Amino acid sequence: MLAKQIADQFTTTTSSLLPFIDALPDSAIIVDGDHRIVLVNSRAGEMFGYSAENLKDSDLSIIIPKLHRNAHRQLVSNFFQSPMPRPMDVNKRFCGMRADGTEVPVDIMINTIILDGIRVAMALVRDVSYQRELEERLIRESLTDGMTGFFNRKHFINQLKAQHSGFTRSGVPSSVILFDFDHFKSINDQHGHAAGDIVLIDTAKMIKEKLRPLDIACRIGGEEFAVILPDTPIQNAKHLAERIRREIEAIEFRLEDTVFHATVTMSVASFFPSDKSYDSLVRRADKALYAGKAAGRNCVASQDSLAQPSE
Ligand SMILES: Nc1nc2c(ncn2[C@@H]2O[C@H](COP(=O)(O)OP(=O)(O)OP(=O)(O)O)[C@@H](O)[C@H]2O)c(=O)[nH]1
């Protein structure tokens, strides 16, 4: 049947449906098997920045981001082949596209109805911007340290696992810098806990400025930090660690009228081809750090200085 004939055929029924779908609390979009919008409620018009009249008879792609149009068309076609009420796809996150080109995150429930003997799909579309932002914030918060803004230990481990897999696959070297403040307890004892906090916060700020966007700075313990340096040979990691060590040593930390200093002991390590897991690198970095502490602190110790690489 020609599109024009189908459109005419729908006219009577759709006009009687309009008061009903206009009363729905979500956007409602009715689409035929050719991906043509047969009817939308006014809420859908508001959501996508069109008048409901403009959307009617348009191809559905008008409200789908360009990148997803083909995949979405395929999903709609699949749905017509096995139609039943369900979310559009439980494994996917959908975005609609507004008239101004901006995207709106949405959840989509679909079902079919028969209009004048023709099966059409009705999608109920809900703007989930708030939920997605909340979700992203919760994920971010679960992976970051509130005081410094650095990632936490959990993220450090996850990222290190990923780096180890990457190294095993491609041999691209990644390095890690670990560091721990020297005699941090005495900073707290002498100047108060707030002074210790300032040391942690100001150091984190300084380090952020030194790193590339792909580097991953983490606070993995109270006064213990780690930086993952993807695609970085250990020699470069040593240079960076030494620069950071010197900068920390030179910082004049301030709390009200008190000025004080802090130093760190650092270690650097990178993956060996024999490393079965990320854990081997962490053990070498830990050992080197303890060796640095034992050697007098305020220094950079490398896994190279260990007598035997730990497995
Ligand atoms: N101000 C402040 N102190 C913290 C925080 N987290 C841990 N600390 C303190 O850091 C100190 C760590 O002490 P230790 O593990 O004995 O280590 P250290 O005094 O730095 O000595 P070395 O590591 O051997 O040089 C403890 O006193 C903790 O209370 C924090 O978030 N803020």
Side-chain angles (χ1 to χ4, degrees), residues 137-160 175-211 215-229 234 237-238 240-269 278-307 310:
R137 185 160 60 78
L138 291 176
I139 291 172
R140 212 170 36 244
E141 282 175 6
S142 78
L143 298 176
T144 50
D145 161 51
M147 183 189 282
T148 58
F150 276 16
F151 289 108
N152 60 20
R153 187 175 192 94
K154 183 175 159 195
H155 191 70
F156 171 67
I157 299 294
N158 288 341
Q159 291 300 309
L160 207 52
S175 296
V176 170
I177 300 175
L178 279 197
F179 67 93
D180 182 285
F181 280 88
D182 298 329
H183 302 303
F184 201 70
K185 187 172 177 317
S186 65
I187 295 178
N188 281 336
D189 291 346
Q190 278 179 44
H191 307 292
H193 205 268
D197 287 356
I198 283 173
V199 170
L200 301 177
I201 294 165
D202 288 358
T203 301
K205 264 191 215 147
M206 180 276 286
I207 289 176
K208 256 180 229 160
E209 289 165 10
K210 296 266 166 304
L211 299 180
D215 297 332
I216 305 157
C218 311
R219 183 182 178 201
I220 58 172
E223 29 83 69
E224 203 183 338
F225 291 77
V227 183
I228 300 175
L229 304 164
I234 193 161
K238 278 187 212 169
L240 177 63
E242 184 54 31
R243 267 176 59 210
I244 293 175
R245 186 198 65 75
R246 277 201 232 121
E247 291 237 8
I248 294 172
E249 188 179 33
I251 297 177
E252 294 192 330
F253 297 102
R254 280 168 202 276
L255 176 65
E256 293 161 4
D257 294 336
T258 316
V259 175
F260 48 97
H261 289 86
T263 61
V264 290
T265 299
M266 310 182 97
S267 68
V268 288
Y278 75 94
D279 208 29
S280 308
L281 180 151
V282 174
R283 271 183 279 144
R284 283 196 298 277
D286 272 341
K287 269 195 174 181
L289 189 67
Y290 289 127
K293 290 269 181 186
R297 298 178 169 79
N298 191 19
C299 60
V300 177
S302 165
Q303 66 180 15
D304 305 344
S305 62
L306 299 172
S310 71

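In each ligand, atom 1 is the first atom listed, and ligand 1 is the first ligand listed. Because the structure is predicted, anything quoted here is derived from the model rather than measured.
Annotation: the span from R219 atom CZ to T203 atom OG1 amounts to 11.0 Å, rounded to 0.5 Å. Put simply, CG on D145 and NE2 on H155 are 13.0 Å apart, with the number rounded to the nearest 0.5 Å.
Protein heavy atom in closest approach to atom 28 (C) of ligand 1: N188 ND2, 4.3 Å. Here the protein heavy atom with the shortest distance to atom 22 (P) of ligand 1 is K293 NZ, 3.4 Å. The nearest protein atom to atom 7 (C) of ligand 1, hydrogens excluded, is given as G222 CA, 3.6 Å; this is a heavy-atom distance.
Within a 6.0 Å radius of NZ in K154, other residues, nucleotides and ligands contribute 12 heavy atoms or fewer.
The main-chain N or O of N298 is found under 3.5 Å from a side-chain atom of T265 such that the two form a donor-acceptor pair.
Remark: ligand 1 and L200 share no N or O pair separated by less than 3.5 Å (distance only, no angle test). Not a single N or O atom of M147, backbone or side chain, sits closer than 3.5 Å to an N or O atom of ligand 1. The shortest N or O to N or O distance between D182 and ligand 1 is not below 3.5 Å.
Taking the six-membered ring where the residue is Trp, F225 and F150 present perpendicular rings, their angle passing 60° and hence far from 30°. Between F184 and F181, the ring-plane angle classifies as tilted under the 30° and 60° cut-offs.
At least one heavy atom of R219 sits closer than 4.0 Å to an atom of ligand 1.
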